[in-house]
There are 2 protein chains.
Amino acid sequence: MITKQQTPSFLPLYEQIKRLITRSLSDGEWQPGAMIPSEMALARRYGVSQGTVRKAINELVAENMLVRRQGRGTFVATHTDDGTSYRFLHLRNLAGEQAYPQSDFIGFGRGKADAAVARRLGVRSGSALVQIQRILNLSGNAVVYDDIRLPAALLKGISSAMVEEHVNAYRGTLYSLYETQYQIRIISAEERIRATLADARVAGLLGVMEGMPLLAIERVAFTYKNQPVEWRMSYVNTENHYYFDELN
Amino acid sequence: MITKQQTPSFLPLYEQIKRLITRSLSDGEWQPGAMIPSEMALARRYGVSQGTVRKAINELVAENMLVRRQGRGTFVATHTDDGTSYRFLHLRNLAGEQAYPQSDFIGFGRGKADAAVARRLGVRSGSALVQIQRILNLSGNAVVYDDIRLPAALLKGISSAMVEEHVNAYRGTLYSLYETQYQIRIISAEERIRATLADARVAGLLGVMEGMPLLAIERVAFTYKNQPVEWRMSYVNTENHYYFDELN
DNA sequence: AAGTGGTCTAGACCACGTA
DNA sequence: ACGTGGTCTAGACCACTTG
């Protein structure tokens with residue numbers, strides 16, 4: 001029998017199991033959308049009881065890294081195909097519905113990180129970035145302009161055509177592109193929201209008057225171990241939509 | 001021994017326990033800040049095992065209705081005194097710190113619910129409301145103007161002097177006022193955020209130019225069983241602060 | 001020392017989905 | 001029929017807090 005004392009570390013067993021599972025996820029042993037071994041199989045593999053594996057998995061489910069499906073198994077969360085594709089999109093129309101967005105590709109390019117973006121992404125100032133610009137349409141109206149930047153080192157071989165094809169595809173999210181083409185899985189994100197005025201360029205893209213008040217949302221998206229991967233600035237026209245947040 | 005089949009409902013046992021605990025909370029059997037019976041005591045009281053009580057409590061802790069303190073006991077969450085007083089305040093300064101706010105009382109009054117507010121509060125249009133206006137200062141600057149409304153029926157006997165004293169008090173939050181004086185405990189809230197332009201009145205109160213872009217945050221706060229209790233509109237100057245949101 | 005929550009186990013049985 | 005996750009139990013021992 002394995003007891004807590006025999007383990008090298010002083011962490012609770014379920015915490016250690018949690019980290020072992022996380023490592024298998026980030027190492028790619030279990031791919032997005034795939035089923036991981038059953039609780040009993042993992043218990044045997046790690047030499048602990050099913051209850052301990054269960055507790056570890058429960059916490060990973062709460063963190064949206066795994067998905068349980070009763071009677072079928074436990075699966076690696078994915079940004080492709082399932083209903084959770086837009087779980088980071090907090091915009092709703094005035095009726096309170098979260099309409100599915102449709103993207104329009106605007107531009108693709110390369111540039112260097114300024115100090116602010118470099119700091120958020122944890123890279124050196126001036127390092128190479130990939131940039132993507134697009135419009136999000138909700139209910140047929142241009143509502144969001146996105147300016148997106150990622151370290152170029154993470155997306156070797158990316159091209160404008162690839163991005164354009166994926167962005168314009170039906171329900172093609174960028175996070176599913178990162179996941180399927182570059183083995184980068186977005187787990188969490190943080191957003192900083194301020195109010196701003198539309199400048200001439202953004203006003204033109206969103207079809208509003210210059211000087212219109214907009215939300216300016218800075219988002220940093222993270223992969224495993226809280227490593228920042230993507231930075232974006234979103235400008236949102238809130239005439240017919242709002243940002244929705246639940247507080248607990 | 002009690003088995004699942006003997007229970008009148010088909011809900012899992014821990015769900016039933018959860019509801020029984022929630023009822024004791026909303027009935028006031030256990031007051032805010034007080035310790036609830038130990039897991040073993042509750043297990044005996046409800047005729048289930050400790051593990052089942054534990055699971056029920058775990059979920060209530062995740063919903064911020066209870067707080068565990070190892071070695072001491074499990075306590076009813078409160079908006080008074082402990083460090084969670086401002087857990088709904090998502091504003092940070094540009095350095096990323098969540099400074100503690102200081103409130104300035106602006107006004108108190110009574111009015112009638114318009115259609116929009118009545119809908120959010122689940123009351124009839126035209127029913128009596130209490131209104132409170134105040135300014136929140138962060139790091140010494142007026143950053144937020146709040147216009148707050150509650151059904152008058154919930155706050156019988158409230159007076160301008162009571163509110164003014166409480167609002168201006170050191171770290172006196174309105175939610176602790178509701179809790180201590182009116183037995184209303186705020187459990188959760190939802191916020192709808194839009195961008196707007198400062199009108200002359202709000203600009204004057206916040207000390208900014210008319211036409212400055214502001215966040216307009218509509219908040220509805222709920223007590224037990226998702227019953228809406230308070231509506232407020234906050235206007236936020238985001239020159240030196242931002243709204244921070246974590247996505248999972 | 002006593003009481004509390006925190007961890008872990010072993011085993012039973014149920015509910016669900018697939019073959 | 002079988003395998004999966006979901007619930008529930010009983011009991012052991014640990015870690016922390018207070019008297």
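Atom CZ of A:R68 and atom C1' of C:dA15 are 14 Å apart (whole Å). Atom CZ of B:R54 and atom P of D:dG11 are 18 Å apart (whole Å). B:E39 has its CD atom 12 Å from the C1' atom of C:dT7, to the nearest Å. In this structure, the CE atom of A:M40 is 10 Å from the P atom of D:dG5, given to the nearest Å. At whole-Å resolution of the value, CG in A:L66 and C1' in D:dT4 are 15 Å apart. Distance A:K55 NZ to C:dG5 C1': 11 Å, rounded to the nearest Å. In this entry the distance linking CD of A:Q50 with C1' of C:dA12 reads 11 Å, nearest Å. In this structure, B:R69 atom CZ and D:dA15 atom C1' are separated by 18 Å, rounded to whole Å.
Rounding to the nearest 0.5 Å places CD1 of B:I187 at 11.5 Å from CD1 of B:I184.
Annotation: B:E165, atom CD; neighbour count of heavy atoms from other residues, nucleotides and ligands within 6.0 Å does not exceed 12. Counting heavy atoms of neighbouring residues, nucleotides and ligands inside a 6.0 Å radius, atom CD of B:Q98 exceeds 12 of them. Residue-environment remark: CZ (A:R68) exceeds the threshold of 12 foreign heavy atoms within 6.0 Å. The environment of A:R45 atom CZ is dense: over 12 non-hydrogen atoms of other residues, nucleotides or ligands sit within 6.0 angstrom.
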Expected rows: protein N/O vs nucleotides 1-3 of chain C N/O, under 3.5 Å:
unit_1 : atom_1 : unit_2 : atom_2 : d
C:dG3  : N2     : B:G71  : O      : 2.9

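Rounded to 10 degrees, the angle between the two end axes of the helix from C:dA1-D:dT18 to C:dT18-D:dA1 is 10°, with five pairs used at each end.
For A:E246, the side-chain contact (heavy atoms from CB on, under 4.5 Å) partners at least two apart in sequence or on another chain are A:F244.
When only modelled atom types and interatomic distance are considered, B:Y14 and B:N58 share no side-chain donor-acceptor pair under 3.5 Å.
Formation of a donor-acceptor pair under 3.5 Å by the B:N248 side chain with backbone atoms of A:S188 is not found in this model.
Contact annotation: B:S49 side-chain N/O to D:dA10 OP1/OP2 distance is not under 4.0 Å.
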